[in-house]
Peer 1: 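Can you keep this structure in mind? I'll have questions shortly.
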Amino acid sequence: MVQVPVGAWISAAVLDLMPGQRRPATVLVGLGTVSALPAAVAGLNDWAALSRDQRRVGLVHAAANTVGVTLYAGSLAARLSGRHGVGRTLGFIGLTAVSLGAYIGGHLAYKQGAQVNQSISELHRMSDGWHSLAEMAALPQRTLVTREVDDVSVILYRHGDEVTVMLERCPHQSGPLGEGEVQEIDGHACVVCPWHGSAFRLNGGEVVQGPSGNDQQILPTRVQDGVLQTRLP
Ligand code: FES
């Protein structure tokens, strides 16, 4: 969602450096300013699911962007009233502010892993082929069992003859789902993360309760000679 305002504002800055481009530059500044609002709402929604450290950085990110949007709103008003010189200046300062905001947002996503699936990278450590996990006859009903595949931790949950195998590390911040509780939520058995309470359906991995914004990865299974096996999806 941020691509529209950022693209519009950068394009407007380029046009501002060229002669005779006042009108398209004004349209792009307006487009960027209007489209920043839904992006901000989405950002606020993301922010609500962050950890304390990430929220602090998120606040600085939001503050820089708020300054930028305010400057662009002023730039738009100036352009519409015929003061294009002022509009251009405010636009360039606004671009500096939102660039700082974008840099901080990048730090949040790429360095701090905000709203990034923390468990999925575990799959790279699993080798190809089927891996034996447990004798079906020894697998208890409706109980979380933790096993290792190569050095990747997975949890097993048996319900009747169906067994779910999912990655054990929570996609939110790598909490140990194997130490979580099984709870019935909306009629489905779910594992609840012991760290921050995200809940994932045990028959599909869908997240039904945040703060995780990602589903949990389920692994394929088969039973071979009474032995439960799994492999990479
Ligand atoms: S680590 Fe935060 S909910 Fe699991």
Side-chain angles (χ1 to χ4, degrees), residues 1-2 39-63 101 104-126 131 133-134 139-159 162-221 228 230-233:
M1 294 180 79
V2 299
V41 172
L44 187 62
N45 183 55
D46 281 352
W47 182 81
L50 300 183
S51 67
R52 212 165 140 191
D53 284 356
Q54 292 170 341
R55 281 187 180 197
R56 273 204 298 265
V57 178
L59 280 177
V60 182
H61 167 70
I104 298 167
H107 176 83
L108 201 51
Y110 294 104
K111 286 275 191 241
Q112 294 189 298
Q115 294 297 76
V116 172
N117 190 325
Q118 300 290 329
S119 65
I120 209 79
S121 59
E122 301 249 300
L123 293 175
H124 299 304
R125 303 208 312 273
M126 262 179 76
H131 301 266
L133 289 171
L139 212 49
Q141 290 282 350
R142 302 186 181 216
T143 304
L144 293 177
V145 174
T146 306
R147 287 281 185 277
E148 300 284 319
V149 179
D150 295 330
D151 64 343
V152 177
S153 200
V154 296
I155 52 174
L156 286 51
Y157 181 78
R158 180 175 187 178
H159 185 191
E162 299 289 322
V163 183
T164 296
V165 176
M166 63 165 61
L167 293 176
E168 198 230 350
R169 290 290 148 193
C170 178
H172 179 227
Q173 286 180 13
S174 300
L177 293 181
E179 296 171 22
E181 280 183 11
V182 176
Q183 287 180 16
E184 184 110 343
I185 299 176
D186 296 335
H188 297 279
C190 297
V191 57
V192 180
C193 179
W195 283 9
H196 312 107
S198 291
F200 306 91
R201 276 170 60 167
L202 280 159
N203 65 351
E206 294 90 354
V207 61
V208 295
Q209 180 176 291
S212 174
N214 295 289
D215 297 339
Q216 180 59 308
Q217 179 67 53
I218 297 287
L219 302 182
T221 58
L228 177 71
T230 193
R231 64 168 169 78
L232 284 168

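Numbers here simply count residues along the sequence, with the first being 1. The analysis underlying the following values was restricted to heavy atoms, covering all of them including side chains, and did not include hydrogens, waters or symmetry mates. Start at 1 and go down the list; that is how both ligands and their atoms are numbered.
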Peer 1: Only heavy atoms of Trp195, strictly under 4.0 Å: list the atoms of ligand 1 that pass.
Peer 2: 1 (S)
Peer 1: Taking C-beta and beyond as the side chain, do Val154 and Glu168 meet within less than 4.5 Å on heavy atoms?
Peer 2: no
Peer 1: Are more than 12 heavy atoms from other residues, nucleotides or ligands located less than 6.0 Å from atom NE2 of His159?
Peer 2: no
Peer 1: Looking only at protein heavy atoms, which one is nearest to atom 3 (S) of ligand 1, and what is the separation?
Peer 2: Ser198 OG, 3.1 Å
Peer 1: Would you say Cys193 reaches atom 2 (Fe) of ligand 1 with an N/O/S atom under 2.8 Å?
Peer 2: no
Peer 1: Please identify which atoms of ligand 1 are closer than 4.0 Å to at least one heavy atom of Gln173.
Peer 2: 1 (S)
Peer 1: Report yes if the side chains of Val192 and Ser198 come closer than 4.5 Å at any heavy-atom pair, otherwise no.
Peer 2: no
Peer 1: Picking from Leu156, Val152, Leu228, Ile155, what satisfies side chain to side chain contact (heavy atoms under 4.5 Å, CB included) with Arg147?
Peer 2: Leu156
Peer 1: Does a side-chain heavy-atom distance below 4.5 Å link Leu144 with Leu177?
Peer 2: no
Peer 1: Evaluate the side chain to side chain contact (heavy atoms under 4.5 Å, CB included) criterion for residues Glu162 and Asn203: first the C-alpha distance (whole Å), next the side-chain angles of each, then the deciding distance (0.1 Å), finally the verdict.
Peer 2: CA-CA 9 Å; Glu162 299 289 322; Asn203 65 351; over 6 Å; no
Peer 1: Report, in ascending order of atom number, the atoms of ligand 1 lying under 4.0 Å from any heavy atom of Gly175.
Peer 2: 1 (S)
Peer 1: Decide, counting backbone as well as side-chain atoms, whether Cys170 has an N, O or S atom less than 2.8 Å from atom 2 (Fe) of ligand 1.
Peer 2: no
Peer 1: Within rounding of 10°, what is the angle whose vertex is atom 2 (Fe) of ligand 1 and whose arms end at ND1 of His172 and ND1 of His196?
Peer 2: 100°
